[in-house]
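Comments concern the structure below.
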Amino acid sequence: MTQIFDNPADFADEALDGFVAANRGYVARVDGGVARSTEIPAGQVALVVGGGSGHYPAFAGLVGPGLAAGSACGNMFASPAAGQVYRVAKAANAGGGVLLSYGNYAGDVLHFGQAQLRLNAEGIETRTVLVTDDIASAPLDQIEKRRGIAGDLTVFKIAGAAAEAGLSLDEVERLAIKTNYRTRSLGVAFDGCTLPGATEPLFHVPAGQMSLGLGIHGEPGISEHPMPTASELAELLVSRLLEDKPDDAGDRVVAIVNGLGTVKYDELFLLFGKVEKLLNAANLTVVEPECGELVTSLDMSGLSLTLLWLDDELEQFWAAPADTPAYRKGNTAPRPRRELTGTDESAEAETEKATAASANLGRLAAAVLAQVRDVVVEHEAELGDLDAIAGDGDHGIGMRRGVDAAAAAGEQNAGASVERVLTAAGEAWSERAGGTSGALWGTAVMAAGLALGNRESYDAGDAAAAVSAFTNAITELGKAEPGDKTMVDALLPFRDAFKDAFDGGTSLAGALTSAAAAATEAARRTADLRPLKGRARPLAEKSLGHPDPGAISFGLIVERVATYLASETADSTPAVSHMAPTAGNGATE
């Protein structure tokens, strides 16, 4: 359990500040993560890695010559926001293009993907290689659905060495893809990990049992087994990985025994000795192995085994020198310090003066955001507990961080147009929350603001348009469909019920009340679904019987918003009453 902190919500940021203070010869702080503090040759490809905090040495500990040029660092177990990835990549860019590489998790894919679009739009050529090494998370014929665990290291190391050698972006990308395909990992847990400030681990493994196939975000394994001996564990891990080996596997492998947080080095060494004997018995030669803590999961009691099947090309780059705070190999030439540039985003564009009608709606939007914050704070713990059943337990804290920032942005901009209020709130939500929910909620809130705009007057159609814009932003960005066991399973019933009531002449508050009830009931019914998206997908059996936390939080939020707007309507608030519909108002989808 983490004991050293002031405010658990600030843990990740303050830990990163301290990491930089202890390693200024390697890294400099960037808003969103770290970048190399030493010189990068002009024209060199910049490998930018990242993900949630809590995995040290990954990801910030791998920044330095021969490895990454920068690391975007999100909150605990939550992906960095798109703006954070963008700023880190801008700081790391040396003119040779950017390769983004990270584990295949929904939130990371959304945020890094948005940053990639923005970088390419600015003329910084940017590519992505996802790490998909975990054999427990999907079968071999669905390798693209696998998540990334300790195989991050092999992909990052070879891509970083290729960049350091001066190879082009095309070649660095090709080698990263090749390394990922030839990397396989499998992990086990003996007990769960505990988020800072929490009093209980995200999950427990029963006494005398071992959980097989865990993730690195506090996700439990996919099955439980009697606790094996060291020899039995080595046999299990090696045999499963050899059964899954790539088509073009040779007879030379990198073997990595990786501790996840509390398994001591002596135990890791003991296991590695048995792993090596089994690999040799399989006529495999172990090349420059690693044994230690490389990709951790806070204080999780567990470990993983990774195998990378080498060829001559990959072996050259695996053996190349690297010098980072947490990973050193061979000797690299000393590098002078550099001044970071490109870390500031362009100044905020001036906004037009708010109309009276839009300012009224802006004040109402700020008040609604405060209500959303209150309901999330009230249910933060239970949302985290629900998420921990088949996920990483961060949904409550992630929603809290996001809505705190959104509500603060709303208050700061109250009196501005509703477009400005919601745009600022959405940007703040995405930036602070990270993770899938941060990307989805932030983008959807911004979309609603853009739909409302800064008009001289508003009518019923504008309310329906805002609901549709919010819904479309989530479905288009997240790509989830009904039945996938996500927030969409509550969102679409909400939209449909709202439209039916609103088109029938029901008041805005009344339509929201009906829609909120439909969303809450639909969220409860997700308990009967198997997750087909996100981190819960590999743990479908554990998820059955429990509703989706994203759907539940959406239901709680829209219920609170409907209740608040009903009270405001009763008080004849102009911003609400001006949007009241008439029967057959023709509000559009």
Side-chain angles (χ1 to χ4, degrees), residues 55 58 103 131-140 143 146-155 179-193 205 208-217 219-246 249-297 300-310 538-539:
H55 304 300
V131 181
T132 57
D133 60 303
D134 176 28
I135 70 169
S137 54
L140 185 57
I143 192 170
R146 289 179 170 177
R147 59 192 174 188
I149 51 176
D152 284 348
L153 178 64
T154 65
V155 177
T179 304
N180 179 63
Y181 173 68
R182 298 170 71 100
T183 300
R184 305 286 192 272
S185 299
L186 181 61
V188 297
F190 314 120
D191 206 3
C193 58
V205 178
Q209 297 285 302
M210 172 189 75
S211 186
L212 177 66
L214 73 149
I216 60 168
H217 300 93
E219 306 99 325
I222 59 175
S223 59
E224 291 176 350
H225 305 262
M227 186 66 194
T229 65
S231 295
E232 291 168 342
L233 178 57
E235 173 64 33
L236 171 67
L237 295 174
V238 170
S239 63
R240 293 286 183 94
L241 294 182
L242 294 186
E243 289 171 359
D244 203 278
K245 67 181 180 181
D251 59 3
R252 295 172 69 78
V253 297
V254 173
I256 302 173
V257 170
N258 171 63
L260 284 158
T262 56
V263 177
K264 306 308 296 180
Y265 272 71
D266 290 335
E267 296 175 276
L268 299 175
F269 290 141
L270 186 156
L271 181 67
F272 186 87
K274 298 181 181 299
V275 166
E276 186 195 43
K277 289 179 181 177
L278 291 170
L279 293 173
N280 290 338
N283 297 316
L284 294 172
T285 300
V286 178
V287 178
E288 297 196 26
E290 296 288 344
C291 183
E293 292 184 347
L294 299 158
V295 181
T296 63
S297 185
M300 183 179 285
S301 178
L303 56 88
S304 61
L305 174 63
T306 298
L307 296 180
L308 162 63
W309 277 265
L310 295 168
L539 300 167

Check: Between OG1 of Thr229 and CD of Glu235, what distance do you get to the nearest 0.5 Å?
Finding: 10.0 Å

Notebook entry, point to check: Can you tell if the side chain of Ile143 reaches within under 4.5 Å of the side chain of Thr132, non-hydrogen atoms only?
Noted result: yes

Next item on the list: Evaluate side chain to side chain contact (heavy atoms under 4.5 Å, CB included) for Leu303 paired with Val188, printing each intermediate quantity in order.
Entry: CA-CA 6 Å; Leu303 56 88; Val188 297; 3.9 Å; yes

Next item on the list: For residues Trp309 and Arg182, report the shortest heavy-atom separation together with the two atoms involved.
Entry: O-NE, 2.7 Å

Notebook entry, point to check: Going from OG1 on Thr183 to CG on Asp134, what distance comes out if it is rounded to the nearest 0.5 angstrom?
Noted result: 12.5 Å

Check: If we only count heavy atoms from C-beta on, is the Leu236 to Leu212 side-chain gap below 4.5 Å?
Finding: yes

Note to self: A side-chain contact here means heavy atoms from C-beta on lying under 4.5 Å apart; do Leu237 and Val275 qualify?
What the structure shows: no

Next item on the list: Return yes if a side-chain donor-acceptor contact under 3.5 Å exists between Ser301 and Asp191, otherwise no.
Entry: no

Check: Between Arg146 and Arg184, is a side chain to side chain contact (heavy atoms under 4.5 Å, CB included) present by the stated rule, with each step listed?
Finding: CA-CA 10 Å; Arg146 289 179 170 177; Arg184 305 286 192 272; 3.8 Å; yes

Next item on the list: Using the side chain to side chain contact (heavy atoms under 4.5 Å, CB included) rule, take Leu271 and Val263 through it: C-alpha gap first, then chi angles, then the decisive distance, then the call.
Entry: CA-CA 11 Å; Leu271 181 67; Val263 177; over 6 Å; no

Check: Is there side-chain contact between Thr306 and Asn258, with at least one heavy-atom pair below 4.5 Å?
Finding: no

Margin query: Has Thr262 got a side-chain atom pairing as donor or acceptor with Met300's backbone, closer than 3.5 angstrom?
Written below: yes

Checklist line | Atom of Ser297, atom of Cys193 and distance for their closest heavy-atom approach | finding: O-CB, 3.3 Å

Notebook entry, point to check: Just how far is it from atom CG of Leu307 to atom OG of Ser185, taken to the nearest 0.5 Å?
Noted result: 8.0 Å

Check: Would you say His55's side chain and Thr296's backbone share a donor-acceptor pair under 3.5 angstrom?
Finding: yes

Notebook entry, point to check: Any donor and acceptor pair, going by atom type alone, linking the side chain of Tyr265 with main-chain N or O of Glu293 inside 3.5 Å?
Noted result: yes

Notebook entry, point to check: How long is the span from the CD1 atom in Ile256 to the CZ atom in Phe272, to the nearest 0.5 Å?
Noted result: 9.5 Å

Item checked: Taking every non-hydrogen atom, the tightest pair across Leu284 and Gly250 -> CD2-O, 3.8 Å

Check: Minimum heavy-atom separation for Ala58 to Val295, with atom names?
Finding: CB-CG2, 4.1 Å

Notebook entry, point to check: If you measure from CD1 on Ile149 to CG on Leu186, what distance do you get to the nearest 0.5 Å?
Noted result: 7.0 Å

Next item on the list: Answer yes or no: is there a side-chain heavy-atom contact under 4.5 Å between Leu233 and Met210?
Entry: yes

Note to self: Using 0.5 Å steps for rounding, measure from the NZ atom of Lys274 to the CG atom of Leu279.
What the structure shows: 13.5 Å

Next item on the list: Verify side chain to side chain contact (heavy atoms under 4.5 Å, CB included) between Asn180 and Val155, making sure each step is shown before the conclusion.
Entry: CA-CA 6 Å; Asn180 179 63; Val155 177; 3.9 Å; yes

Next item on the list: Determine the minimum heavy-atom distance between Ala255 and Val286, stating which atoms define it.
Entry: CB-CG1, 4.1 Å

Check: Which pair of heavy atoms, one from Phe269 and one from Cys291, lies closest together, and at what distance?
Finding: CD2-SG, 3.5 Å

